[in-house]
Structure formats: C-alpha cells, structure tokens
Amino acid sequence: MSAAQVVTRFAPSPTGYLHIGGGRTALFNWLYARGRGGKFLLRIEDTDRERSTPEATAAILKGLTWLGLDWDGEVVSQFDRKDRHAEVAHQMLARGTAYKCFSTPEEIAAFRAEAEARGSYAVFQSPWRDADPATFPDAPFAIRMKAPREGETLIRDEVQGIVTIKNETLDDMIVLRSDGTPTYMLAVVVDDHDMGVTHVIRGDDHLNNAARQQMVYDAMGWAVPVWAHIPLIHGPDGKKLSKRHGATGVEEYQAMGYPAAGMRNYLTRLGWAHGDAEIFSTDEAKKMFNLEGIGRAPARLDFKKLENTCGHHMSMMPDAALLHELERFLTAAGRPTLTGAQRDLLSRALYCVKDRAKTFPELIEKAHFALTSRPIVADDASAKALDAVSRGILKSLTPRLQNASWTKDALEAILTDVAAEHGMGFGKLAQPLRAALAGRSATPSVYDMMLVIGQDETIARLEDAAA
Ligand code: GLU
C-alpha cells in the first residue's frame with residue numbers, strides 16, 4: 001500500500017436493516033475510493049452485544065451487494081478486536097494521555113447532581129486525573145482519557161468547514177470500562193487507525209463524536225484522517241426522513257424492482273452535485289465524485305426523480321445486463337423464474353419495452369405479451385375491445401397476414417388497409433389487436449409485438465380472439 005493510497009470504510013452498526021442513508025454513505029465512500037484506485041473497507045460495529053444481530057449484518061451485506069458496492073478484504077468485526085482496543089487504552093496510560101479512574105458510579109452521579117444544583121457544567125471531573133499512584137486503592141478502575149481542559153478542538157471537515165468545539169464541554173471520556181470492555185469512541189479510532197483509513201465519510205450525526213475521536217488520535221500520536229460529515233437525508237417535506245415518507249430501507253427499493261444502477265445514480269446525486277450532471281453511469285460517477293461537491297444542506301428524497309433516473313438507466317442498460325438483473329429480481333422476489341422460451345422472447349422484446357419502464361415489475365408488465373402464452377387471457381379493460389365487430393375484423397385480418405412478409409412496413413400497410421376498409425382509424429383497430437396479442441390495453445406498439453412474437457404466433461393469437 002503506497003502512503004498516498006485512499007482508504008475509506010463503511011462502518012454500520014448491525015441493529016436493523018440497511019437504511020437508505022447508510023446505503024448512500026457506503027456509496028460515497030465506495031465512489032471516493034474506487035475513483036482513486038483506493039480501498040473500500042467494511043467494518044461491522046457490533047460491540048453493542050444486546051442490539052447487534054447476525055440477521056442485521058446479513059441484511060447490510062445483502063443491501064450493499066445489491067447496490068453493487070464491493071468491499072476489499074474481509075469484513076471486520078469490531079467486537080473481535082476488543083483485545084486490541086484494550087491494548088491501546090493501556091498504551092495511552094503508558095503515554096500519560098490517559099489515567100486510571102477509581103470513581104464509582106455513585107460518586108459520579110453525586111458529582112453531577114451537585115454540579116446541576118450549582119447550575120454549572122455537569123461535565124465530570126475525576127479526582128484521579130492527577131492523583132499520585134501511591135494513593136491508588138486496590139479496586140476496579142476505568143481508563144479515562146486525559147482530555148485538554150482549556151482551549152478548543154478544531155475539526156477540519158471537508159463538508160462542514162472548520163468546526164470548533166470548546167474543550168471545557170468535553171469530559172475525560174472513558175476509553176476502557178472497569179470491566180475491561182472498550183468504549184465505542186475508542187474502538188472506532190483504533191479500528192480506523194489500524195485499518196489505515198485515510199478518509200472518514202459519514203453522517204453528520206457523528207460530527208460531535210469527531211472531536212472526541214480526534215483527541216484519541218492526538219493522545220496516541222496518530223495521523224488524523226480527513227473528515228467529511230455529510231448532512232442526513234430528509235423527506236420531501238424537509239423533515240427528518242422517516243417511514244411515513246415512504247420506504248427507508250435499501251431492501252425495500254430492491255423489492256420494488258428499481259435497477260441498482262439507477263439507484264446508485266440517484267443516491268450519488270442525493271446531496272452531491274457536479275455541474276449539471278444528472279444521469280451518469282457508475283464509471284462516470286467514480287471519475288466525477290469528490291468531497292467538494294457534497295452539499296451542506298440536507299438533501300431531500302424525491303421519489304419522482306428517483307423514478308426518472310431509474311427509467312433512464314433501464315433504457316441505457318445493455319440487454320444482457322438488463323435481463324440478468326431482471327432474473328435476479330425475480331429470484332429475490334420469490335417469483336417464478338423465466339423458462340428458456342420466455343427468456344428468448346423477452347430478449348427480443350427488450351428493445352420495445354425497456355424505454356418505458358422505471359422498475360422491473362413495470363418492465364415485466366410491458367413485456368407481458370412476450371412472457372405470456374396462449375390462450376391469452378384478456379384483462380377486464382382490454383376485453384372490452386373484443387366485441388363482435390372487432391372479432392369479425394380480426395377474423396378478416398388473419399388470411400392477409402398468412403401471406404405477409406413479416407416486416408414493419410408490410411404489416412403497417414396491411415393494418416392501415418384493413419382499418420380503412422372498415423372505415424376506422426388505425427387507433428381504433430389497435431385496441432382489439434392489443435387485447436388479442438397481449439390481453440392488455442397498454443402495450444408496446446402492435447407492430448413491435450407482432451415482430452417479436454412472429455407470424456405463426458400472431459395469427460394463432462388473432463384466431464383465438466376471433467373465435
Ligand atoms: N457505527 C456508526 C453508525 O452506524 C458509524 C460510525 C462511523 O462511521 O464512524 O452510525
């Protein structure tokens with residue numbers, strides 16, 4: 001690893017599903033690293049044994065995999081590194097940047113109560129900070145960081161600018177509890193340091209933690225990473241995103257059938273901008289993504305824009321990739337997989353369905369004519385078009401199709417003729433044709449459907465409908 005190599009990480013706590021905000025944080029870190037020949041690491045922050053579950057870890061990995069965000073090396077478990085965290089706490093003791101604190105929970109509570117009664121800061125000040133080791137009792141102790149009491153801590157943040165925190169507002173935080181377990185604040189720093197993380201890109205709900213974490217870097221004499229705290233995602237109304245706005249889990253978007261490339265594009269633009277770039281490929285995003293483009297105001301989720309972006313990606317995607325992702329969607333959704341014949345017909349149909357769909361269920365619905373098989377069952381809306389008159393017209397049409405050459409021009413000539421013979425516009429003729437060929441009233445063009453399913457199948461479907 002060269003000294004200049006970028007290393008980013010995503011460090012979720014496995015306590016639920018992969019939130020869309022977490023997905024975006026992971027994406028930003030991934031783009032930043034991948035666009036710079038760097039590494040993107042994944043660390044599961046599972047130190048909270050009560051709240052962490054293997055199911056949540058599995059859900060996070062599944063969500064990242066669906067989004068196409070691959071990580072380098074093994075997934076790191078923070079809990080597994082607890083001995084290393086404790087080791088660093090003891091190194092801080094040895095360096096004199098931490099101390100043993102023998103205060104009991106009762107003493108700390110009493111200190112706080114007294115401070116509050118006086119109306120002063122309730123920041124705990126341990127009497128052991130500068131105590132003579134000769135006075136140490138034979139009792140359990142926590143290890144506290146000897147935080148600076150005066151002055152300020154400056155966080156140079158790539159998004160938020162310079163953030164100043166008064167040191168008097170921060171206590172000598174515990175880094176190792178009296179039971180020997182490390183605190184979260186210590187664990188994050190030790191892990192980021194050991195993993196060689198150069199850039200910490202995460203939600204701005206961690207901005208306050210950055211001040212305390214930076215003190216740990218300083219206490220160990222370690223290089224502080226580049227900080228980039230990104231504003232959280234808000235709902236369309238500008239309020240903190242919640243379930244009531246709609247889906248908040250990455251898995252839910254997968255289940256709704258959004259294409260992953262569209263989702264990546266949308267999430268990249270959610271709180272980041274580069275000139276007027278709106279629709280771009282993932283490769284383009286890797287090249288463009290930077291920290292300067294991250295906005296300081298919270299981005300608002302915009303479902304219409306998400307759909308639009310996804311629609312663009314559906315139509316941009318090469319057929320083979322589209323088909324592959326569609327099949328993955330079917331499997332994930334527990335829907336029947338495609339038969340060989342369906343796959344063939346669908347590949348031939350993609351050109352006329354892929355620029356109309358924003359999600360895979362929409363694509364499947366548009367491609368119904370290619371996926372279904374005889375007898376075609378017309379849905380209620382399209383069945384109305386198959387009255388006696390229309391069935392008569394379809395009947396008169398089939399002999400002419402027998403001898404037709406199967407090109408769009410030839411078919412257009414025949415259908416225009418037939419419509420004229422019956423004194424109707426082509427639009428009127430198209431309705432029963434859609435019903436006969438697809439059993440739907442919203443379909444690709446009649447010609448496209450006929451060309452995709454072929455001559456024999458077209459005639460058979462029209463004969464079925466006419467009968
Ligand atoms: N585990 C923290 C979270 O899920 C993230 C910590 C970090 O990125 O430093 O919010």
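Throughout, numbering of the chain's residues begins at 1 and tracks the sequence. Since the structure is predicted, the reported quantities are computational estimates derived from the model, not experimental observations. We count ligands from 1, going down the list as the structure has it; atoms in each ligand are counted the same way.
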Original post:
Under 3.5 Å, is there a donor-acceptor pair between the side chain of Q160 and the main chain of H229?
Top reply: yes
**OP:** Tell me, please, which residues at least two apart from Y17 pass ring pair (Phe, Tyr, Trp, His ring centres under 6.0 Å).
**Re:** none
Original post:
For S382 and D379, does a side-chain donor sit closer than 3.5 Å to a side-chain acceptor?
Top reply: yes
**OP:** Output all residues satisfying salt bridge (charged side-chain N to carboxylate O under 4.0 Å, His left out) with D171, sequence neighbours left out; order by chain, then residue number.
**Re:** R212
Contact table, ligand 1 N/O with protein N/O, distance under 3.5 Å:
from, atom 1, to, atom 2, distance (Å)
ligand 1, 1 (N), A11, O, 2.7
ligand 1, 1 (N), S13, OG, 2.9
ligand 1, 1 (N), E45, OE1, 2.6
ligand 1, 4 (O), S13, N, 3.2
ligand 1, 4 (O), S13, OG, 3.2
ligand 1, 8 (O), R9, NH1, 2.6
ligand 1, 9 (O), R9, NH1, 3.4
ligand 1, 9 (O), R9, NH2, 2.8
ligand 1, 9 (O), R202, NH1, 2.7
ligand 1, 10 (O), H206, NE2, 2.9

**OP:** Apply salt bridge (charged side-chain N to carboxylate O under 4.0 Å, His left out) to R343 and list each qualifying residue two or more places apart in sequence or on a separate chain.
**Re:** E327
Original post:
Going by atom types alone, do D172 and Y99 pair a side-chain donor with an acceptor below 3.5 Å?
Top reply: yes
